[in-house]
Protein chains: 2
Amino acid sequence: MLPQTHYDYENRQMCPEPVEHSRAEVRRAQILAAAVDCFRQHGFHGASISQISKAAGMSPGHIYHYFENKEAIISAIVASDLERFLVLTAEIRSACNVREAMLARVAEGIDQCLDPLTAGLKLEIVAEASRNPHVAEIVRTADQVCRESLMLTMRDMRHAAGHDDDDTTLAAMVEVFVAMFEGLQIRTIRNQDIDRSIVIPLFQNALRNLLDHTP
Amino acid sequence: MLPQTHYDYENRQMCPEPVEHSRAEVRRAQILAAAVDCFRQHGFHGASISQISKAAGMSPGHIYHYFENKEAIISAIVASDLERFLVLTAEIRSACNVREAMLARVAEGIDQCLDPLTAGLKLEIVAEASRNPHVAEIVRTADQVCRESLMLTMRDMRHAAGHDDDDTTLAAMVEVFVAMFEGLQIRTIRNQDIDRSIVIPLFQNALRNLLDHTP
DNA sequence: CATTCTAGATCGAACGCTCATTCCATGTTA
DNA sequence: TAACATGGAATGAGCGTTCGATCTAGAATG
């Protein structure tokens with residue numbers, strides 16, 4: 001386990017977490033957790049401040065001491081959500097055996113994508129990004145950082161296997177790689193009876209084919 | 001071009017379209033077109049009946065002569081959206097050369113998935129399905145029919161190539177196949193600068209690997 | 001240690017607005 | 001004339017947000 005970090009958007013690097021325990025930080029976390037619950041159940045626009053405040057165990061007005069408005073809550077969730085992914089990719093890249101770490105995380109990633117609760121919120125976030133420019137900016141910035149991190153990881157893996165790819169090829173491989181995972185999030189909503197024991201090996205095989213691809 | 005058809009949910013088969021031109025049908029279509037526009041821009045819960053009625057060029061109250069409530073509009077859009085896909089798969093299966101038809105449609109499908117406007121609404125629909133049981137039921141029923149149709153198509157293709165797969169394997173291949181396409185819908189929102197000229201061939205190659213897969 | 005002070009935490013009523021929906025008067029068609 | 005199409009105001013509920021009143025914990029003071 002790496003120490004807790006977060007992504008510093010201004011300086012574009014990971015920073016150690018100051019592990020805040022102040023009352024304010026606790027309250028903020030309470031609100032965010034409650035909001036995640038509500039957004040999962042009713043969507044961004046369907047969930048009301050009143051609902052969120054009830055779930056967080058405080059008055060509606062009090063929410064506004066910690067967040068400027070409802071959209072700020074959305075942004076905070078999106079940001080923290082994607083920060084967690086950045087930590088994950090950083091962990092993979094800092095492992096001794098990058099390939100092993102990656103393959104291990106693949107199984108983990110598939111499981112997470114196939115969890116309907118997680119997938120539902122992720123889809124809500126992307127759908128919101130498709131029309132809310134503010135959310136779109138956060139989502140796209142973090143996505144770019146993730147892709148860059150994955151590109152570096154993939155370049156290492158491929159180089160060890162004797163391939164020497166240019167950046168455009170690597171970027172395309174990352175696109176298809178990520179698309180496959182994100183596609184699972186949609187599948188788990190559209191089909192609740194996925195036969196995991198057959199689908200997961202097939203999926204992993206397709207991933208391996210992609211990673212070992214020769215032009 | 002096949003004649004216009006729609007999917008009869010009760011009898012589980014395609015039916016010829018009665019091509020209605022009555023005033024009521026025209027009005028309904030107007031409302032649905034306006035609603036699609038509004039939902040794209042503001043989401044299901046963000047778009048109001050008043051907005052939709054303005055876009056459709058009629059009064060808010062009049063909407064309720066054609067749809068019981070707002071959710072009925074959502075359902076009608078989802079249903080017609082997915083019916084169009086059912087028509088597409090039926091078209092592929094009825095082609096002389098199924099493999100050729102399929103590969104041609106693949107390029108078409110990639111283009112459609114990479115269009116942010118189309119993708120945005122599809123994601124909105126899936127996100128809504130992840131929490132609205134009524135929408136979920138429509139989405140899942142249609143998805144199942146699509147998968148069955150794709151399974152038949154894929155069985156033909158694979159059989160011609162000397163493979164004889166059992167149903168679970170075929171179902172899994174369909175899952176991964178569809179997941180890849182649906183993943184593109186998310187990618188086109190998260191990354192607006194996808195290099196199509198490199199990504200699409202790589203994506204098609206990955207698809208071919210999947211279709212020619214040997215266990 | 002006891003008291004006072006103060007700044008932040010917290011509440012919940014209130015505001016202005018918009019929403020989905022209803023309803024009835026009016027217009028249109030056959 | 002009868003049946004349907006349409007408009008638009010009315011309704012009541014709920015929304016995001018604001019705001020002033022109260023509470024509380026802990027520093028400052030004596």
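Letters A, B, ... mirror the listed sequences (proteins, then strands); counts begin at 1. Just so it is clear, the model here is predicted, and its values are computed rather than measured. Atom set for the values below is all heavy atoms of this structure, side chains included, hydrogens, waters and symmetry mates excluded.
- Chain B approaches DNA chain D within less than 4.0 angstrom (heavy atoms of the protein), and the contacting nucleotides run 5' to 3' from D:dA5 to D:dG8.
- A distance below 6.0 Å separates the ring centres of B:F203 and B:F181.
- A distance-only check finds no donor-acceptor pair linking the side chain of B:S75 to the backbone of B:A72 [under 3.5 Å].
- For the residue pair B:E108/B:Q112, the side-chain donor-acceptor check at 3.5 Å is not satisfied.
- Proximity of a side-chain donor or acceptor of A:S53 to a complementary backbone N or O of A:S50 within less than 3.5 Å is detected.
- Between B:H62 and B:Y66, the ring-plane angle classifies as perpendicular under the 30° and 60° cut-offs.
- In this structure, B:S149 contributes its side chain and B:V145 its backbone to no donor-acceptor pair below 3.5 Å.
- Shown are A:E182, A:Q144, A:E175; of these, the side chain to side chain donor-acceptor pair (under 3.5 Å) with B:R190 is made only by A:E182.
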The contact string for nucleotides 6-27 of chain C, one letter per nucleotide 5' to 3', using protein heavy atoms under 4.0 Å with B, S and - for base, sugar-phosphate only and none, comes out as ---SBBB------SSBB-----
